[in-house]
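Have a look at the structure below before the remarks.
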Amino acid sequence: MNVNFSQKLYEIFQRLYEFWGPQNWWPAETKFEMVVGAILTQNTSWSSVEKAISNLKKANILSIEGILQTPDEILAQLIRPTGYYNQKAKRLKDFCSFLKNEFNSDLQKLFSLEISELREKLLSQKGIGYETADSIILYGAEKPIFVVDAYTKRLFLRLGLIESEKIEYNQLQSIIMENLEPQTSLFNEFHALIVKHCKEICKNKKPECKKCCLHKMCEAGTFK
């Protein structure tokens, strides 16, 4: 553990938390809904995912069997708001088949696996990459793994914690996790706060530095 780096991470978290407050993320009524949301949110906005999930609920098919028994074209139309809907419909069906065949349709059996094995199982599913798998582990299984995304890389680059946004996912994840206590609640809130901050303040093209609670820590604070 790098003491200075660790202290910076905790200070960033504290400032973000005091500024934004708790994010109550991931918004879902069930664990299965959370997983569906994680798969659907790839390459789209959360508002689009909410529309799709609402459609699945209205159609009364937001379940493993419900999705498996729904014709492909109907499922695709229900999740159309998320984009790439034919591809995502297949991914949902493939994941539900995986749960049914390997875990007897019991999501909790999957979630009971150790983190490394759970991650390996999730990554073995076509269309599920590091960010989606880790989101499912953190927010669904409620196990301590830090989710890295483009927002994390952008913020940490501007704060001078990394040298390039091209840093590999697992490398940045390891750096962060080596310098924070492995607490699910901390990782959950920290990731959600980073997403919120980068969407609202630390934007890609026009960051609003004057409003930023991290401005004094930021090496890129001259951005206008």
Side-chain angles (χ1 to χ4, degrees), residues 23-111 118-119 121-142 145 147-154 165 169 188 191-200 202-206:
Q23 296 301 295
N24 301 310
W25 199 260
W26 192 289
E29 293 180 1
T30 66
K31 298 294 186 183
F32 183 70
E33 181 182 327
M34 183 273 139
V35 173
V36 170
I39 293 172
L40 293 181
T41 199
Q42 296 179 48
N43 302 307
T44 193
S45 66
W46 181 249
S47 60
S48 297
V49 175
E50 287 180 316
K51 292 174 185 175
I53 288 178
S54 177
N55 289 343
L56 295 175
K57 287 181 177 179
K58 288 176 182 176
N60 198 30
I61 63 163
L62 188 56
S63 65
I64 295 171
E65 283 303 317
I67 287 174
L68 287 174
Q69 292 174 9
T70 301
D72 294 356
E73 61 274 14
I74 293 178
L75 179 60
Q77 287 304 309
L78 290 170
I79 64 170
R80 189 183 182 95
T82 66
Y84 303 98
Y85 45 91
N86 289 315
Q87 184 184 72
K88 288 181 179 179
K90 186 177 188 311
R91 287 177 181 173
L92 284 179
K93 285 207 165 189
D94 287 347
F95 189 79
C96 287
S97 293
F98 157 73
L99 285 175
K100 184 175 182 178
N101 296 333
E102 293 198 31
F103 295 92
N104 197 28
S105 297
D106 188 344
L107 187 60
Q108 202 52 49
K109 281 186 179 179
L110 172 65
F111 285 169
L118 173 54
R119 195 174 197 244
K121 285 282 187 184
L122 291 171
L123 291 173
S124 72
Q125 300 305 298
K126 189 174 181 179
I128 293 185
Y130 294 131
E131 185 181 339
T132 302
D134 292 344
S135 292
I136 292 171
I137 295 169
L138 177 63
Y139 296 109
E142 298 183 27
I145 194 165
V147 178
V148 172
D149 56 20
Y151 296 125
T152 314
K153 293 180 179 181
R154 180 198 305 168
E165 286 185 86
Y169 184 102
N188 177 319
H191 174 247
L193 286 165
I194 289 171
V195 173
K196 176 71 172 178
H197 192 70
C198 287
K199 282 184 174 181
E200 301 292 335
C202 197
K203 301 173 185 177
N204 188 29
K205 294 183 179 179
K206 293 184 178 180

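The shown structure was predicted, so the numbers you read here are calculated from the model rather than taken from an experiment.
We find that Asp94 and Lys126 are not joined by a salt bridge, their nearest charged nitrogen and carboxylate oxygen being 4.0 Å or further apart. Using a 4.0 Å cut-off between charged side-chain N and carboxylate O, Lys100 and Glu65 make a salt bridge.
Closest approach of Leu78 and Ala59 over heavy atoms only: CD1-CB, 3.9 Å. Between Lys109 and Phe103, the closest heavy-atom pair is CD-O, 3.7 Å. The two residues Ile128 and Phe95 come nearest to each other via the heavy atoms CD1-CD1, 3.7 Å.
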(Q) I'd like to know whether Glu29 forms a side chain to side chain contact (heavy atoms under 4.5 Å, CB included) with Met34, so could you lay out the CA-CA distance, the side-chain angles of the two residues, the decisive distance to 0.1 Å, and finally the verdict. (A) CA-CA 8 Å; Glu29 293 180 1; Met34 183 273 139; over 6 Å; no
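Using a 4.5 Å heavy-atom cutoff, the side chains of Leu56 and Thr70 are not in contact. A 4.5 Å side-chain heavy-atom check between Leu40 and Leu92 finds at least one atom pair inside the cut-off.
Judged by distance alone, the side chains of Tyr139 and His191 do bring a donor and an acceptor atom under 3.5 Å apart. If you check the side chains of Ser45 and Ser48, you find a donor sitting under 3.5 Å from an acceptor.
Looking at residues two or more places apart in sequence or on another chain, you find a side-chain contact (heavy atoms from CB on, under 4.5 Å) between Ser97 and Leu68, Asn101. For Lys51, the side-chain contact (heavy atoms from CB on, under 4.5 Å) test picks out Pro81, with sequence neighbours left out. Under the rule for a salt bridge (Lys or Arg N to Asp or Glu O under 4.0 Å), the partners of Arg119 that lie at least two apart in sequence or sit in another chain are Asp134.
Using bins of under 30°, 30° to 60° and over 60° for the plane-to-plane angle, the ring pair Trp46/Trp26 lands in the perpendicular bin.
Looking at Val36, Thr41, Thr44 one by one, the single match for side chain to side chain contact (heavy atoms under 4.5 Å, CB included) with Lys88 turns out to be Thr44.
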